[in-house]
Amino acid sequence: MKTLKNSVFAWFVIIISVSVITSCSKQDDALMSQNTKVDNYLKQFYGKNIQLGTSLETKFDLPNLSTARSVESENIIITEVFVGNDSRARGYVISDKETNDFIYFIDVNRVDYKLTTYKVETDDTIVFDDINQLEKYLNTDELDYIKIAEDYNSGQSAERRFWGWQKWVDCDKATGMGTVMETYYVFGVGVKTRPIRGLDGGIMVEPCAGGALND
């Protein structure tokens, strides 16, 4: 009977061990797959040798990948990308901490003053010109996104949209009406602002939230 119990226990240990090994193997395979995806994208984008630098964890309200709603305080990792012999990071890879999924990429060209962004889910690339004209360019050390993440973590940056367009109204308090605007955010920094136009091509206006100021 004792031999039978020992045999059953031994088989139980083997089954648990195999399950743990299989689980770890799947996690390792997923991690390797994501790392390969990042590596392939960066080599294709830059066409040069690249090296990853500092990584930093931060939290933002990320858009849910399956719905239009947001999820609160999603943990993400931002990692520097050095190109060739550059002494300063030019690229930034953003991944989901929990799943390690590659979700966004940013390239800051500080020579031609161009910002290139890539959203993995939609395979969408956008290029923004004249980034040196941005209000935030100099006080973020020329869009150093590691510094931006550090400032956000330390509470120096106000909470704002993480990525994509956000509508707002440029209000004229004297008239109580405002121009409807939208700003595109990249990692919490507004990089392009424009008025929203209606179907007739005209700039949209709407009442201010508080109405006009009375004398």
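Values reported hereafter were calculated over all heavy atoms of this structure, with side chains retained and with hydrogens, waters and symmetry mates removed. One is the number of the first residue; the rest follow in order along the sequence. None of these values were measured; they are calculated from a predicted model.
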Please test Val186 against Leu115 for side-chain contact (heavy atoms from CB on, under 4.5 Å), starting from the C-alpha separation and ending with a verdict.
-> CA-CA 10 Å; Val186 174; Leu115 180 76; 4.2 Å; yes

Atom pair OG (Ser95) and NZ (Lys37), whose distance is rounded to the nearest 0.5 Å | 11.5 Å

Any donor-acceptor pair under 3.5 Å from Asp130 side chain to Gln133 backbone | no

Side-chain contact test, heavy atoms from C-beta onward, threshold under 4.5 Å: evaluate it for Val93 versus Tyr41 and give yes or no.
-> no

Verify the neighbour count for atom CG of Asn40: are there more than 12 heavy atoms of other residues, nucleotides or ligands below 6.0 Å?
-> yes

Is the backbone N or O of Arg110 less than 3.5 Å from a side-chain atom of Arg90, with the two atoms forming a donor-acceptor pair by type?
-> no

Supply the atom-to-atom distance Thr116 OG1 to Ile126 CD1, rounded to the nearest 0.5 angstrom.
-> 10.5 Å

Student check: side-chain heavy atoms of Ile148 and Val189 closer than 4.5 Å | yes

Over 12 non-hydrogen atoms of neighbours within 6.0 angstrom of CD in Gln51 | no

Evaluate side-chain contact (heavy atoms from CB on, under 4.5 Å) for Leu42 paired with Val83, printing each intermediate quantity in order.
-> CA-CA 9 Å; Leu42 293 176; Val83 182; over 6 Å; no

Is it the case that one hydrophobic cluster holds both Tyr184 and Val169, taking links as side-chain heavy atoms less than 4.5 Å apart, direct or via other members?
-> no

Hey, mind stepping through Glu182 and Gln166 against side-chain contact (heavy atoms from CB on, under 4.5 Å) and telling me if it holds?
-> CA-CA 5 Å; Glu182 59 181 355; Gln166 184 172 45; over 6 Å; no

Val120 side chain reached by Asp101 side chain, heavy atoms, under 4.5 Å | no

Taking the side chain as every heavy atom from C-beta outward, state whether Leu56 and Glu150 have any pair of such atoms under 4.5 Å apart.
-> yes

Ala149 and Ile78: which non-hydrogen atoms are nearest, and at how many Å?
-> CB-CG2, 4.1 Å

Looking at side-chain heavy atoms only, is the closest gap between Val180 and Asp170 below 4.5 Å?
-> no

Out of Tyr92, Phe162, Tyr152, Phe105, which one pairs with Phe187 under the ring pair (Phe, Tyr, Trp, His ring centres under 6.0 Å) rule?
-> Phe162

Main-chain N/O of Val111 paired with Asn109 side-chain donor or acceptor, under 3.5 Å = yes

In short, Gly190 meets Leu134 closest at the heavy-atom pair O-CD2, 4.1 Å

Taking the six-membered ring for Trp, are the ring centroids of Tyr185 and Trp163 within less than 6.0 Å of each other?
-> no

Beyond-backbone contact of Val127 with Asp129, side-chain heavy atoms, under 4.5 angstrom = yes

Determine whether Leu52 and Phe45 fall in the same hydrophobic cluster, where Ile, Leu, Val, Met, Phe, Trp and Tyr are linked whenever their side-chain heavy atoms lie under 4.5 Å apart.
-> yes

Does Glu98 offer a backbone N or O that forms a donor-acceptor pair with the side chain of Asp96 under 3.5 Å?
-> yes

Side-chain donor-acceptor pair present, Asp107, Tyr118, cut-off under 3.5 Å = no

Run the numbers on Ile76 and Ile103 for side-chain contact (heavy atoms from CB on, under 4.5 Å), then give the verdict.
-> CA-CA 9 Å; Ile76 57 176; Ile103 50 178; 4.3 Å; yes

Determine, using ring centers only, whether Tyr104 and Tyr145 are less than 6.0 Å apart.
-> no

Considering all heavy atoms of both residues, which atom of Glu206 and which atom of Lys167 are nearest to each other, and what is their separation?
-> OE1-NZ, 3.6 Å

Where is the tightest heavy-atom contact between Val108 and Glu142, given as atom of each residue plus distance?
-> CG1-O, 3.8 Å

Find the distance between OH (Tyr137) and CG (Asp144) and round it off to the nearest 0.5 Å.
-> 10.5 Å

Of all heavy-atom pairs between Gly53 and Thr79, which one has the smallest distance, and what is that distance?
-> O-CG2, 4.0 Å

Decide if atom CG of Asp141 counts as having more than 12 heavy atoms of other residues, nucleotides or ligands within a radius under 6.0 Å.
-> yes

Given side chains that start at C-beta, do those of Thr117 and Phe128 come closer than 4.5 Å, heavy atoms only?
-> yes

Does Thr193 have any side chain to side chain donor-acceptor pair (under 3.5 Å) partners at least two apart in sequence or in another chain, and if so, which?
-> Thr183

Are side-chain N/O atoms of Thr58 and Asn153 paired as donor and acceptor at under 3.5 Å?
-> yes

Would you check if Val81 and Tyr46 make a side-chain contact, meaning some heavy-atom pair closer than 4.5 Å?
-> yes

One should read off an interatomic distance between Leu199 CG and Arg197 CZ, to the nearest 0.5 angstrom, of 13.0 Å

Indicate whether the side chain of Thr122 and that of Asp124 have a donor and an acceptor atom separated by less than 3.5 Å.
-> no

Rounded to the nearest 0.5 Å, how far does CH2 of Trp165 lie from NZ of Lys192?
-> 6.0 Å

Nearest heavy-atom approach of Ala89 to Glu80 is CB-CB, 3.6 Å

Which distance, rounded to the nearest 0.5 Å, do you find between the CD1 of Ile94 and the CD1 of Ile106?
-> 4.0 Å

